[in-house]
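Presented below is the structure to which this report refers.
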Amino acid sequence: MAMLGKEVRMGRLVNPESNKMMAITVDHAISRGIAPMTGIQPIQEAIDRIIAGRPDAMTMTKGIAERCMYRHAGQVSLLLKCSSYAPVHPTRDVVFGSVDEAVRMGADAVSVGAMTLGDFQDVQFAQIGRIAEECMAKGMPLIAHIYPKGEQVPEKERTSWEHIAYCCRSACELGVDIVKTTYTGDPDSMAKVISCVPSSFRVVIQGGDACKTLDDYLHMTRDAMDCGVGGVTMGRFVWDYKDVTALVIALRYMIHQGYSVREAKELLEQLEHDRNYEAF
């Protein structure tokens, strides 16, 4: 029965036609501070605009979910973020939520994080291993946000395929179902990462800091989908955009309908002009 529960919940996270997953995350305040995160300072407004674009899922903490998701219950899957790093401990995720809370709140997955190749990898991997066991027992998919940002990794090497592959393979070996990590920067090296995990294991990418422009993000998304990445979980790029709902729709059409960068930009421009979001 536990495995059936996982299948049911995973079926709500993944589009059956594209076999891709599209999630938007608003869990940044604890990890990065709220003052710089202008797009999610009015959090209810940000969530409303994102959900109007109909992503598959949203990642948020329990306190925000309890206060902001009642009006959207059942419209998108909830991915309950149960850990975070912080400005004062940037290489260590601390757990503050539980699988039982996720079950109670109707979440379709639990989400926890870790920074590899640093001083606290052992503590974080132990946490993930214990949570993975509980998720298996209770039929709850587990998503891990794992990045090679530990003290032993120079900043210029944080997108190397070797380090990203280590994040993905470690997540798989710990019993995670989906790993969110960083795109390597090109489809060939990202395909090497994907080859290091079983085909049934899902790798999704973050928006990240490497991209600077809309074109950068759209090209990264298209390239990632084409080389075997299983979806995206993006945050700041989306809710900092001038028309959040339009961008969510354009990304959804790239990920699930196979739109090219040109087609996605044309759709985005049309949506920004007409605001006919419901038609898409």
Side-chain angles (χ1 to χ4, degrees), residues 23 25-34 36-37 40 59-62 79-99 109-135 141-185 189-190 192-194 196-197 201-211 220 224 229-237:
T25 178
V26 293
D27 66 334
H28 298 66
I30 294 176
S31 59
R32 297 175 177 270
I34 189 56
M37 303 292 114
I40 54 170
T59 303
M60 62 188 74
T61 55
K62 56 188 176 183
L79 313 180
L80 191 66
K81 187 68 182 298
C82 292
S83 77
S84 183
Y85 60 94
V88 293
H89 49 86
T91 63
R92 180 182 181 183
D93 258 63
V94 175
V95 173
F96 52 76
S98 71
V99 181
V110 163
S111 175
V112 293
M115 304 295 178
T116 59
L117 304 172
D119 296 344
F120 303 104
Q121 176 177 306
D122 56 343
V123 176
Q124 294 166 106
F125 276 19
Q127 290 175 167
I128 291 174
R130 288 192 296 270
I131 293 170
E133 181 181 12
E134 188 175 358
C135 281
L142 177 59
I143 302 172
H145 301 201
I146 303 187
Y147 311 111
K149 294 184 177 181
E151 287 82 358
Q152 295 181 32
V153 184
E155 186 170 353
K156 64 181 180 181
E157 295 181 12
R158 289 179 178 176
T159 59
S160 74
W161 86 266
E162 295 92 342
H163 291 325
I164 302 300
Y166 180 73
C167 291
C168 295
R169 182 60 172 262
S170 297
C172 185
E173 299 211 16
L174 290 169
V176 170
D177 299 291
I178 301 169
V179 66
K180 174 190 174 186
T181 193
T182 305
Y183 185 60
T184 58
S189 61
M190 196 68 198
K192 289 174 69 176
V193 170
I194 302 300
C196 292
V197 294
F201 183 75
R202 185 169 300 274
V203 177
V204 304
I205 59 167
Q206 63 161 334
D209 304 302
C211 299
M220 177 184 73
V229 168
V232 304
T233 302
M234 292 182 172
R236 287 167 290 161
F237 160 56

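Position 1 is the first residue of the sequence, and the numbers go up from there. For the numbers below, each heavy atom of this structure counts, side chains included, while hydrogens, waters and symmetry mates do not. Just so it is clear, the model here is predicted, and its values are computed rather than measured.
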The single option from Ile178, Val176, Val99, Val179 that satisfies side-chain contact (heavy atoms from CB on, under 4.5 Å) with Leu142 is Val176
With sequence neighbours left out, the residues meeting side-chain hydrogen bond (donor to acceptor under 3.5 Å, both in side chains) with Thr116 are none
Contacts of Arg158 meeting salt bridge (Lys or Arg N to Asp or Glu O under 4.0 Å) (sequence neighbours excluded), chain-then-number -> none
Contacts of Thr233 meeting side-chain hydrogen bond (donor to acceptor under 3.5 Å, both in side chains) (sequence neighbours excluded), chain-then-number -> none
Contacts of Asp93 meeting salt bridge (Lys or Arg N to Asp or Glu O under 4.0 Å) (sequence neighbours excluded), chain-then-number -> none
Query raised in the report: Counting only heavy atoms not in Glu133, do more than 12 sit closer than 6.0 Å to its CD atom?
Result: no
Glu157 meets the salt bridge (Lys or Arg N to Asp or Glu O under 4.0 Å) criterion, sequence neighbours left out, with none
Those residues at least two apart in sequence (or on a different chain) that pass salt bridge (Lys or Arg N to Asp or Glu O under 4.0 Å) with Lys62 are Glu101
The reported gap from CD in Glu151 to CE in Met115 (rounded to nearest 0.5 angstrom) is 10.0 Å
Only residue of Ser98, Cys82, Pro141 satisfying side-chain contact (heavy atoms from CB on, under 4.5 Å) with Val110 is Cys82
Check: With no hydrogens and no angle check, is any side-chain donor or acceptor of Thr91 less than 3.5 Å from a backbone partner on Gly150?
Finding: no
Sorted by chain and residue number, the ring pair (Phe, Tyr, Trp, His ring centres under 6.0 Å) partners of Tyr183 (sequence neighbours excluded) come out as none
Residues passing the ring pair (Phe, Tyr, Trp, His ring centres under 6.0 Å) test with His163, sequence neighbours excluded, are none
The side-chain contact (heavy atoms from CB on, under 4.5 Å) partners of Ala86 (sequence neighbours excluded) come to Val88, His89
Sequence neighbours excluded, the answer for side-chain hydrogen bond (donor to acceptor under 3.5 Å, both in side chains) partners of Asp27 is Thr25, Lys81
Smallest heavy-atom separation, Ser31 atom then Pro87 atom, equals O-CD, 3.3 Å
Heavy atoms of Cys211 and Met220 approach each other most closely as SG-SD, 3.8 Å
For Ala114 and Phe125, the nearest pair of non-hydrogen atoms, with its separation, is CB-CE1, 4.3 Å
Solution key, residues 166-173 side-chain donor-acceptor pairs under 3.5 Å, sequence neighbours excluded:
from, atom 1, to, atom 2, distance (Å)
Tyr166, OH, Gln121, NE2, 2.9
Arg169, NE, Glu173, OE2, 2.9
Arg169, NH1, Cys196, O, 2.8
Ser170, OG, Tyr166, O, 2.7

d(Thr61 OG1, Ile30 CD1) to nearest 0.5 Å is 5.5 Å
The reported gap from NZ in Lys180 to CE in Met234 (rounded to nearest 0.5 angstrom) is 9.5 Å
So OH of Tyr85 and OH of Tyr147: to nearest 0.5 Å the spacing works out to 7.0 Å
Closest non-hydrogen atoms of Pro148 and Val153, given as atom of the first, atom of the second and distance, are O-CG1, 3.3 Å
Residues Met60 and Val26: closest non-hydrogen pair is CB-CG2, 3.8 Å
Would you say that Ile205 contacts Met190 through its side chain, given a criterion of any heavy-atom pair below 4.5 Å between the two side chains?
yes
Contacts of Thr182 meeting side-chain hydrogen bond (donor to acceptor under 3.5 Å, both in side chains) (sequence neighbours excluded), chain-then-number -> Gln206
Heavy-atom nearest pair, Ala144 first then Ile128, reads CB-CD1, 4.5 Å
